[in-house]
Amino acid sequence: MTQSTLPDVETFERAGLEAWPGIETKWDGNWVRRAAGGYTKRANSAQCFDPHDDADVEDRIIGASSWLVVRGVKPVFRITPLSAPALNEALDDAGWDEIDQSHLYAMPLVAQEPDAQGKLLPLLDPAFLAAQQKLQGHDDAMMARMKALLAVMTVPATGIVIERDGEPVASGLMAISNGIVITGNVITDPSRRRQGLAAAMMRTGLNWAHEKGATIAALNVQADNPAAKALYAGLGYQHQYDYSYRIPGAPK
């Protein structure tokens with residue numbers, strides 16, 4: 001399989017929608033609203049899945065924003081190549097800022113060599129949650145929001161923890177939708193970076209996904225994170241497309 005045979009944008013975006021869901025979801029035509037208590041922008045945002053679905057954009061922006069605010073979430077739009085041009089124009093006219101420019105990376109998935117000290121754990125397993133909390137530095141309130149989102153995931157998924165000397169040093173999670181394994185929550189102990197631990201974690205999870213029947217691997221990475229982009233490129237991932245988020249600008 002070559003890069004040219006990888007799925008299109010909509011296939012990747014719908015896989016991401018299922019692999020990282022909102023706790024509450026509402027469709028408005030081909031626009032979707034998601035809320036998950038504020039845990040990650042992806043699960044707490046509105047998004048357009050059809051560039052031709054551009055009727056009444058101003059009213060729909062207000063409707064989506066109000067829907068998010070009622071659920072305790074700040075208004076956010078995820079902007080991808082599927083977004084209607086009229087949506088972007090309306091957000092520009094309303095003074096919305098663009099933040100977190102990012103990329104979707106993907107590759108055909110082949111068998112990987114798992115780490116000898118790697119563990120595959122259920123998403124709500126205390127050992128996985130403890131590793132994430134320690135390495136991410138989340139407080140208990142943030143962990144409660146994370147657990148609430150993980151609890152609604154219905155696709156095949158696993159937590160991954162790499163240990164050294166009995167301590168967690170790298171972690172992440174992977175979920176499979178429509179044959180595509182999506183990676184998230186990648187983190188390495190800051191004091192143990194540049195030791196190949198993140199790559200070991202990725203290979204451990206990707207081997208699990210390959211054994212589960214996934215044929216494609218994908219993930220999101222911020223444009224201003226060169227270390228992460230180098231890590232994923234070294235594993236074989238290639239850039240597919242760009243996306244970003246829009247948030248209301250400061251009053252002028």
Side-chain angles (χ1 to χ4, degrees), residues 1-9 11-20 42 102-125 127-132 134-136 150 153-190 192-222 225-241:
M1 182 181 290
T2 64
Q3 184 180 11
S4 63
T5 62
L6 289 172
D8 59 16
V9 175
T11 300
F12 280 124
E13 287 297 309
R14 290 194 180 275
L17 190 67
E18 186 175 38
W20 196 251
R42 186 162 33 135
S102 302
H103 312 304
L104 187 288
Y105 277 22
M107 67 176 180
L109 182 59
V110 298
Q112 304 283 324
E113 183 66 32
D115 187 80
Q117 298 181 64
K119 294 182 177 180
L120 300 173
L121 301 166
L123 297 182
L124 295 177
D125 187 287
F128 171 66
L129 295 173
Q132 281 280 312
K134 176 182 178 181
L135 296 172
Q136 300 276 9
L150 298 182
M153 293 176 64
T154 59
V155 299
T158 188
I160 309 134
V161 177
I162 301 298
E163 293 185 345
R164 294 292 184 267
D165 303 318
E167 293 294 325
V169 292
S171 182
L173 64 83
M174 296 190 184
I176 302 171
S177 171
N178 194 29
I180 301 172
V181 58
I182 307 289
T183 300
N185 283 38
V186 175
I187 188 69
T188 302
D189 183 337
R192 303 289 294 266
R193 288 176 180 160
R194 301 188 182 278
Q195 298 179 21
L197 299 171
M201 185 280 296
M202 291 292 298
R203 286 192 293 268
T204 300
L206 292 173
N207 187 67
W208 164 85
H210 183 264
E211 290 181 346
K212 288 288 186 181
T215 58
I216 297 162
L219 49 76
N220 302 283
V221 59
Q222 287 199 195
N225 191 342
K229 291 194 288 186
L231 164 67
Y232 301 136
L235 291 167
Y237 286 88
Q238 294 183 327
H239 173 271
Q240 303 299 308
Y241 58 88

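In this chain, numbering begins with 1 at the start of the sequence shown. For clarity, every value in this text was computed on a predicted model and none was experimentally measured.
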**Message:** Rounded to the nearest 0.5 Å, what separates atom OG1 in Thr188 from atom CZ in Arg194?
**Reply:** 11.5 Å

**Request:** Could you grab the distance from atom CG of Asp115 to atom CD1 of Ile162, nearest 0.5 Å is fine?
**Result:** 4.0 Å

**Asked** Okay, side chain of Ser171, backbone of Gln132: is any donor-acceptor separation there less than 3.5 Å?
**Response** no

**Prompt:** Side chains of Val169 and Glu163: closer than 4.5 Å at any heavy-atom pair?
**Reply:**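 With C-beta onward as the side chain, the pair stays apart.
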
**Prompt:** Minimum heavy-atom separation for Phe128 to Leu121, with atom names?
**Reply:**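 So the two residues come closest at N-CD1, 3.6 Å.
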
**Prompt:** So, does Asp165 use its side chain to make a donor-acceptor pair with the main chain of Glu167 at under 3.5 Å?
**Reply:** no

**Asked** Backbone N or O of Val110 within a donor-acceptor pair of the Gln112 side chain at under 3.5 Å?
**Response**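 Side chain of Gln112 to backbone of Val110: a pair is present.
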
**Prompt:** If you look at every heavy atom in Leu219 and Leu104, which pair is closest and at what distance?
**Reply:**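 Distance-wise, the nearest heavy atoms are O-CD2, 3.3 Å.
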
**Item:** pair Lys229-Leu231: side-chain heavy atoms closer than 4.5 Å
**Value:** no

**Asked** Do the non-hydrogen side-chain atoms of Ile182 and Met174 ever get within less than 4.5 Å of each other?
**Response**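 Of all side-chain heavy-atom pairs linking Met174 with Ile182, none is under 4.5 Å.
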
**Request:** Can you see which heavy atom on Gly205 is nearest to which on Ile160, and at what distance?
**Result:** CA-CD1, 3.7 Å

**Complete:** Test side-chain contact (heavy atoms from CB on, under 4.5 Å), reference Leu120, set Thr204, Val161, Asp125, output is Thr204

**Asked** What distance separates Thr158 OG1 from Lys119 NZ, expressed to the nearest 0.5 Å?
**Response** 12.5 Å

**Fill in**
d(Glu18 CD, Ile176 CD1) to nearest 0.5 Å is 11.0 Å

**Short side-chain to backbone donor-acceptor contact, Gln240 and Gln238, under 3.5 Å** =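 At least one qualifying donor-acceptor pair exists.
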
**Prompt:** Roughly how far, to the nearest 0.5 Å, is CG of Asp189 from NZ of Lys134?
**Reply:**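 These two atoms lie 6.5 Å from each other.
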
**Asked** Mind checking whether Tyr105 and His239 have parallel, tilted or perpendicular rings, split at 30° and 60°?
**Response**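 Taking His239 first and then Tyr105, their aromatic rings stand perpendicular (interplane angle over 60°).
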
**Item:** Residue of the set Leu197, Thr183, Asn207 for which side-chain contact (heavy atoms from CB on, under 4.5 Å) holds with Met202
**Value:** Thr183

**Message:** Rounded at 0.5 Å granularity, tell me how far NE2 in His103 sits from OH in Tyr232.
**Reply:**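 Nearest 0.5 Å value for the NE2-OH distance: 12.5 Å.
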
**Prompt:** If you take all heavy atoms of Leu123 and Leu129, which pair is closest and at what distance?
**Reply:** O-CD2, 3.5 Å

**Request:** Using a strict cut-off of less than 4.0 Å between a Lys/Arg side-chain nitrogen and an Asp/Glu carboxylate oxygen, indicate whether Asp8 and Arg14 qualify as a salt bridge.
**Result:** no

**Donor-acceptor under 3.5 Å (Thr11 side chain, Pro7 main chain)** = no

**Request:** Measure across Ala175 and Met153 and return the closest heavy-atom pair with its distance rounded to 0.1 Å.
**Result:** CB-CE, 3.7 Å

**Message:** How close do Ala217 and Tyr237 get, counting heavy atoms only, and between which atoms?
**Reply:** CB-OH, 3.5 Å

